Amino acid sequence: MYTRNCSRKSLVTLCALSVCAAGLAVAPAALGRDRVETLLQSLADAPGPSGYEEEVRAIMVRELKPFATQISYDGLGSVIAQHGAKGPRIMLDAHMDELGGIVRRITPDGFLSMQMVGGWLDQALLGQRWVILGSKGTVHAVTGIRDIHVLPPEDRSKVFPRNDIFLDVGAKNAAEVVALGIGPGDAVAPDSPFAVLNGTQRYLGKAWDDRVGCAVVVEVMRRLAAEGHPNILIVAATTQEETGIRGAHTAADVVHPDIGIAIEGGVAGDVPGAHPEETQARLGAGPGVFLYDFSEQPNRRLISLIKETGQAEKIPLQFDLVSGYGDDSAAIQASNGGVPVVNIVVPVRYTHAHNGVIW
Ligand SMILES: [Zn+2]
């Protein structure tokens with residue numbers, strides 16, 4: 001009963017805040033729109049491909065520190081922020097990393113090839129702006145695109161494979177590239193500044209998977225620290241999710257959770273061409289609760305508790321099963337001898353691309 005009550009309180013806040021972060025559909029004034037919007041912007045704009053999460057980590061530490069009774073790290077750089085000293089250990093997880101690339105090679109004529117990091121579609125890569133995190137600071141780049149004026153007609157509707165793609169930093173030769181302070185091993189992140197869409201409370205930006213989750217866990221920590229709770233709440237902002245759910249694994253080794261709740265960017269199906277058997281989530285229609293993905297299965301009693309909580313608190317919930325989707329809750333589920341988990345999402349349009357939309 002104790003655990004159940006404790007969990008209910010966390011979950012109520014979680015669900016409410018998922019809605020809040022996704023567009024403030026519940027109680028905009030009470031939830032502090034300006035603060036959340038500012039946080040969403042700083043998190044989305046920070047470059048942090050898997051394994052290069054430093055800038056995002058600095059934001060998370062800055063935001064969590066005022067409320068955490070203790071902050072530690074795992075060996076892969078995940079942030080582990082604790083509030084409360086007694087009760088069940090509730091691991092509330094969001095991952096800091098995003099898709100990106102790593103510079104592979106500098107060509108003699110001053111272009112760079114790139115190893116992609118995370119699950120990219122080849123057609124998402126061409127003609128995009130990127131930043132390279134070099135030793136002398138950020139370098140701007142574009143993935144060059146073949147010019148239609150010289151392309152044979154049969155190639156004009158073709159997808160160009162990722163290994164044909166190159167980065168152009170405006171250098172004349174390899175020496176100029178080196179002088180910019182960039183080279184093999186440097187991280188490459190999408191360059192897609194945050195924007196509020198046309199006077200709405202809908203947001204355009206990169207990396208909503210999972211920076212929107214990072215914003216939600218910060219808000220949950222903030223509110224539960226103020227309201228009080230009978231749990232050991234442990235917020236884990238993890239690394240390297242997109243390359244194999246690695247940071248959640250190592251963070252769970254440190255946390256020893258009794259319950260795991262991952263907060264993620266979900267896959268919205270409310271766009272032209274989407275099929276309801278693929279995903280059913282809609283923007284602005286409430287937090288999504290995953291009933292299945294390829295990496296984890298949620299605990300059924302935890303799902304029941306979330307449903308009851310949603311009804312009692314009048315929080316609209318969406319339920320989804322997405323076969324091509326994995327998340328940090330998988331690593332938490334398989335830790336500490338087996339842990340009840342759930343993955344709760346803020347639906348996102350166009351994940352794993354330069355520009356995503358949330359409400
Ligand atoms: Zn994610």
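Note: hydrogens, waters and symmetry copies are ignored here, and every other heavy atom, side chains too, is used. Everything numeric in this text was worked out from a predicted model, so none of it was measured. Order of listing sets the numbers, starting from 1, for every ligand and every atom in it.
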Number of protein N/O/S atoms less than 2.8 Å from the Zn ion (ligand 1)? 4

Distance in Å, T243 OG1 paired with Q240 CD, rounded so as to fall on 0.5 Å steps: 4.5 Å

Tell me if the centroids of the rings in H354 and W130 come within less than 6.0 Å of each other. yes

When you compare the side chains of N343 and S329, does any donor N or O come within less than 3.5 Å of an acceptor on the partner? no

Taking atom types as modelled, is there a side-chain donor on T238 or D328 under 3.5 Å from an acceptor on the other? yes

Of all the heavy-atom pairs spanning L112 and I132, show the shortest one and how long it is. CD1-CD1, 4.5 Å

Taking only residues two or more places apart in sequence or in another chain, which ones pass ring pair (Phe, Tyr, Trp, His ring centres under 6.0 Å) with H352? none

